[in-house]
Chemist: 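Could you have a look at this structure, given as structure tokens, before my questions?
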Amino acid sequence: MKIASIVGARPQFIKAAPLDRELRKLHEHVLIHTGQHYDYLMSAVFFEELGIPEPDYNLGVGSGSHGRQTGEMLIRIEETLSQERPDCVLVYGDTNSTLAGALAAAKLHLPLAHVEAGLRSFNRRMPEEINRVLTDHMADLLFCPTETARHNLTSEGITKGVSNVGDVMYDAVLQSIDIVERRSQILGSLNIQPRSYLLATIHRPSNTDNLQNLSAILAAFNEAGENIVFPAHPRTSQAITRTGCELPSRVKLLEPVSYLDMLALERNARLILTDSGGVQKEAYFFGVPCITLREETEWVETTEAGWNLLVGTSKAKIIQAVQEFRPQGKRPKIFGDGKASQKIAHHLESINRS
Ligand code: UD1
Ligand code: UDP
């Protein structure tokens with residue numbers, strides 16, 4: 001079979017890495033990069049580190065408003081898929097690249113598979129929520145990472161083509177962790193010791209583009225009295241510059257880091273502060289307490305297990321959580337067995353039989 005994957009944003013390169021390896025064992029795999037992320041540290045570094053082949057197409061769409069970016073992607077993906085005529089189109093997660101890829105495939109009547117299907121925040125003001133709801137309602141095969149995701153789909157009447165295969169990001173971590181130990185120099189180069197720092201990332205528009213929320217988060221980082229390593233998404237660095245806020249030297253603001261360096265920073269942090277979906281899960285994989293700077297999460301199992309605390313953007317709540325949050329309970333295996341990509345590659349053959 002010929003499978004075409006549509007990727008475009010940082011977490012999608014990470015999700016596609018273990019899948020690409022499995023897909024190539026059984027199928028032809030065409031990789032289409034929309035160009036949503038384009039800086040070296042937001043894109044090429046992941047292909048290099050994770051050994052993902054160069055994309056067959058880079059559509060060079062770049063940044064823009066939601067409508068312009070998604071529309072431009074739709075035009076260019078449609079052209080590419082019309083030439084390639086794959087047997088199945090694979091989309092990942094919930095970005096604008098996901099929605100554009102799904103729409104293009106559906107309109108061309110190409111079978112569509114969604115990796116990381118069924119996640120819901122139940123917050124329609126999140127751009128990702130719109131993208132994932134629409135993608136799930138167009139998909140023929142829906143690969144859920146958790147049981148909650150499968151339940152969410154059932155509640156919306158989607159039961160056909162649904163399977164819980166586990167989380168491909170868990171596969172990615174398991175496949176990379178030995179390499180992290182050998183290759184990442186990040187702790188040494190930042191001159192930090194394991195468990196002597198907190199790791200922070202933020203990039204949700206509700207936190208970066210809302211001055212009140214961003215100021216409260218930065219004030220909490222400033223006043224937490226801890227060393228904080230803060231690799232910032234370009235959206236975030238731009239927003240921090242706009243606030244004119246000075247960060248003290250205990251808060252190390254960095255450019256985005258590579259995947260292996262990020263895993264090293266996560267694994268050795270005393271605690272993680274984030275609004276990222278992927279980072280919440282990785283904190284759980286490593287057994288590092290996670291404070292989520294949002295009001296809700298799609299990864300509810302991590303909060304139910306007691307390892308992830310939702311605090312929103314109140315300065316006082318963030319500081320209190322940094323001081324007091326010390327989970328110790330068990331971490332049930334909720335993200336599968338590390339073979340999600342293998343299962344997806346095999347499942348795709350059912351498209352041929354249907
Ligand atoms: C996107 C996804 C989000 C995902 C995140 C992962 C959507 C709606 N959002 O958000 O779900 O969690 O990626 O990181 O698809 N920029 C650069 N260089 C780059 C990329 C972006 O400077 O290589 C800057 C641009 O100013 C751009 C801004 O970041 O306008 C936002 O980028 P965009 O891709 O629109 O959204 P993300 O915030 O990255
Ligand atoms: N990540 C990375 N470098 C960074 C920040 C994040 O490699 O500087 C990785 C992180 O380990 C995780 C993924 O990017 O695997 C999460 O992506 P992001 O936070 O951009 O998006 P989200 O998961 O929220 O959609």
Side-chain angles (χ1 to χ4, degrees), residues 6-18 33-46 49-50 60-70 72-73 91-101 116 119 121 125-132 134-135 145 167-173 176-177 180 184 186 199-209 229-239 241-242 253-267 269 272 274-286 288 292-294 297-299:
I6 316 273
V7 294
R10 171 166 68 187
Q12 294 170 326
F13 311 136
I14 296 162
K15 290 167 199 178
H33 185 326
T34 61
Q36 177 168 353
H37 287 174
Y38 42 84
D39 290 348
Y40 174 76
L41 290 173
M42 294 297 289
S43 175
V45 69
F46 299 97
E49 261 194 352
L50 294 165
V61 168
S63 306
S65 68
H66 287 275
R68 180 174 292 278
Q69 189 183 52
T70 313
E72 212 37 75
M73 286 177 191
V91 295
Y92 303 73
D94 50 24
T95 71
N96 288 345
S97 298
T98 316
L99 176 62
E116 220 179 63
L119 295 180
S121 63
R125 292 190 61 84
M126 268 183 94
E128 294 82 2
E129 185 75 353
I130 308 293
N131 293 343
R132 45 171 100 102
L134 293 175
T135 301
D167 194 313
V168 292
M169 288 186 90
Y170 184 43
D171 299 13
V173 167
S176 305
I177 202 62
V180 171
S184 176
I186 185 97
L199 174 68
T201 77
I202 50 170
H203 72 278
R204 298 270 155 236
S206 57
N207 285 339
T208 56
D209 302 359
V229 177
F230 185 8
H233 186 291
R235 175 197 277 289
T236 313
S237 354
Q238 289 160 17
T241 306
R242 283 198 301 273
L253 188 67
L254 308 177
E255 291 205 302
V257 295
S258 76
Y259 181 61
L260 297 180
D261 284 346
M262 188 64 181
L263 293 186
L265 286 170
E266 288 172 348
R267 194 181 198 184
I272 292 176
T274 194
D275 60 11
S276 156
V279 176
Q280 288 175 62
K281 281 187 286 184
E282 288 160 359
Y284 186 84
F285 300 153
F286 291 131
V288 174
T292 294
L293 307 171
R294 288 178 50 196
T297 180
E298 299 77 17
W299 305 104

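Numbering of ligands and ligand atoms starts at 1, following listing order.
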Chemist: Is there a side-chain contact between Tyr259 and Val45, using heavy atoms and a 4.5 Å cut-off?
Modeler: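 Answer no - side chains too far apart.
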
Chemist: Can you list the atoms of ligand 1 that are under 4.0 Å from a heavy atom of Pro234?
Modeler: 16 (N), 17 (C), 18 (N), 22 (O), 24 (C)

Chemist: Below 4.0 angstrom from a heavy atom of Phe46, which ligand 2 atoms are there? Numbered from 1 as shown, please.
Modeler: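 So the answer, numbered in order with elements, is 7 (O).
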
Chemist: List every atom of ligand 2 that sits less than 4.0 Å from any heavy atom of Pro231, numbering the atoms from 1 in the order shown and giving each element.
Modeler: 8 (O)

Chemist: At less than 4.0 angstrom from any non-hydrogen atom of Ser276, what atoms of ligand 2 do you find?
Modeler: 16 (C), 18 (P), 19 (O), 22 (P), 23 (O), 24 (O)

Chemist: Evaluate Asp39 for polar contact with ligand 1, using N/O atom pairs at a separation under 3.5 Å.
Modeler: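 Yes; at least one N/O pair falls below 3.5 Å.
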
Chemist: Nearest to atom 23 (O) of ligand 2, what protein heavy atom do you find, and at what distance?
Modeler: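 Nearest neighbour among protein heavy atoms for atom 23 (O) of ligand 2, to 0.1 Å: Gly278 N, 2.8 Å.
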
Chemist: Under 4.0 Å from any heavy atom of His203, which atoms of ligand 1 are there?
Modeler: 4 (C), 5 (C), 6 (C), 12 (O)

Chemist: State whether the shortest distance between N or O atoms of Gly277 and N or O atoms of ligand 2 falls below 3.5 angstrom.
Modeler: yes

Chemist: With atom 35 (O) of ligand 1 as the reference point, say which of Met42, Gln12, Gln69 has the nearest heavy atom.
Modeler: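 Looking at heavy atoms only, the winner is Gln69.
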
Chemist: Near Glu282, which atoms of ligand 2 are under 4.0 Å from a heavy atom of that residue?
Modeler: 10 (C), 11 (O), 12 (C), 15 (O)

Chemist: Salt bridge check: are Glu128 and Arg294 linked by an N-O gap of less than 4.0 Å?
Modeler: no

Chemist: Atom 13 (O) of ligand 1: which of His37, Gln238, Arg10 has the nearest heavy atom?
Modeler: His37

Chemist: Short list, please: which atoms of ligand 1 are under 4.0 Å from a heavy atom of Ser63?
Modeler: 25 (C), 27 (C), 30 (O)

Chemist: Which residue, Gln12, Arg132, Lys15, forms the side-chain hydrogen bond (donor to acceptor under 3.5 Å, both in side chains) with Glu116?
Modeler: Lys15

Chemist: Return the residue, atom name and 0.1 Å-rounded distance of the protein heavy atom closest to atom 17 (O) of ligand 2.
Modeler: Pro11 CB, 3.7 Å

Chemist: Do any nitrogen or oxygen atoms of Val257 come within less than 3.5 Å of a nitrogen or oxygen of ligand 2?
Modeler: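 Yes, there is a polar N/O contact under 3.5 Å.
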
Chemist: Taking all non-hydrogen atoms of both residues into account, name the closest pair between Glu49 and Leu260 and its distance.
Modeler: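 So the two residues come closest at OE1-N, 3.0 Å.
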
Chemist: List every atom of ligand 1 that sits less than 4.0 Å from any heavy atom of Pro11, numbering the atoms from 1 in the order shown and giving each element.
Modeler: 6 (C), 14 (O)

Chemist: At less than 4.0 angstrom from any non-hydrogen atom of Pro256, what atoms of ligand 2 do you find?
Modeler: 8 (O)

Chemist: Is there a donor-acceptor pair closer than 3.5 Å between any side-chain N or O of Thr70 and the backbone N or O of Ala100?
Modeler: no

Chemist: For Ser258, take its heavy atoms, then give the atoms of ligand 2 lying under 4.0 Å from any of them.
Modeler: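 It comes down to these atoms of ligand 2: 7 (O).
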
Chemist: Under 4.0 Å from a heavy atom of Glu128: which atoms of ligand 1 are those, numbered in the order shown and with their elements?
Modeler: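 With Glu128 as reference, the close atoms of ligand 1 come out as 3 (C), 9 (N), 11 (O).
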
Chemist: Below 3.5 angstrom, do we get any N/O pair linking His233 and ligand 1?
Modeler: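 By distance alone, the answer is yes.
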
Chemist: Relative to the heavy atoms of Ile14, which atoms of ligand 2 are at a distance of less than 4.0 Å?
Modeler: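 Counting atoms of ligand 2 from 1, those under 4.0 Å from Ile14 are 9 (C), 13 (C), 14 (O), 15 (O).
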
Chemist: Can you find an N or O of Asn96 that's nearer than 3.5 Å to an N or O of ligand 1?
Modeler: yes

Chemist: Any idea which atoms of ligand 2 are less than 4.0 Å away from a heavy-atom of Glu266?
Modeler: 11 (O)

Chemist: Could you tell me which atoms of ligand 1, counted from 1 in the order shown, lie closer than 4.0 angstrom to a heavy atom of Tyr38?
Modeler: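 That gives atoms 16 (N), 17 (C), 18 (N), 19 (C), 20 (C), 21 (C), 22 (O), 23 (O), 25 (C) of ligand 1.
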
Chemist: Heavy-atom pairs closer than 4.0 Å: do any link ligand 1 to the side chain of Ser276, the backbone, both, or neither?
Modeler: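 Neither part.
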
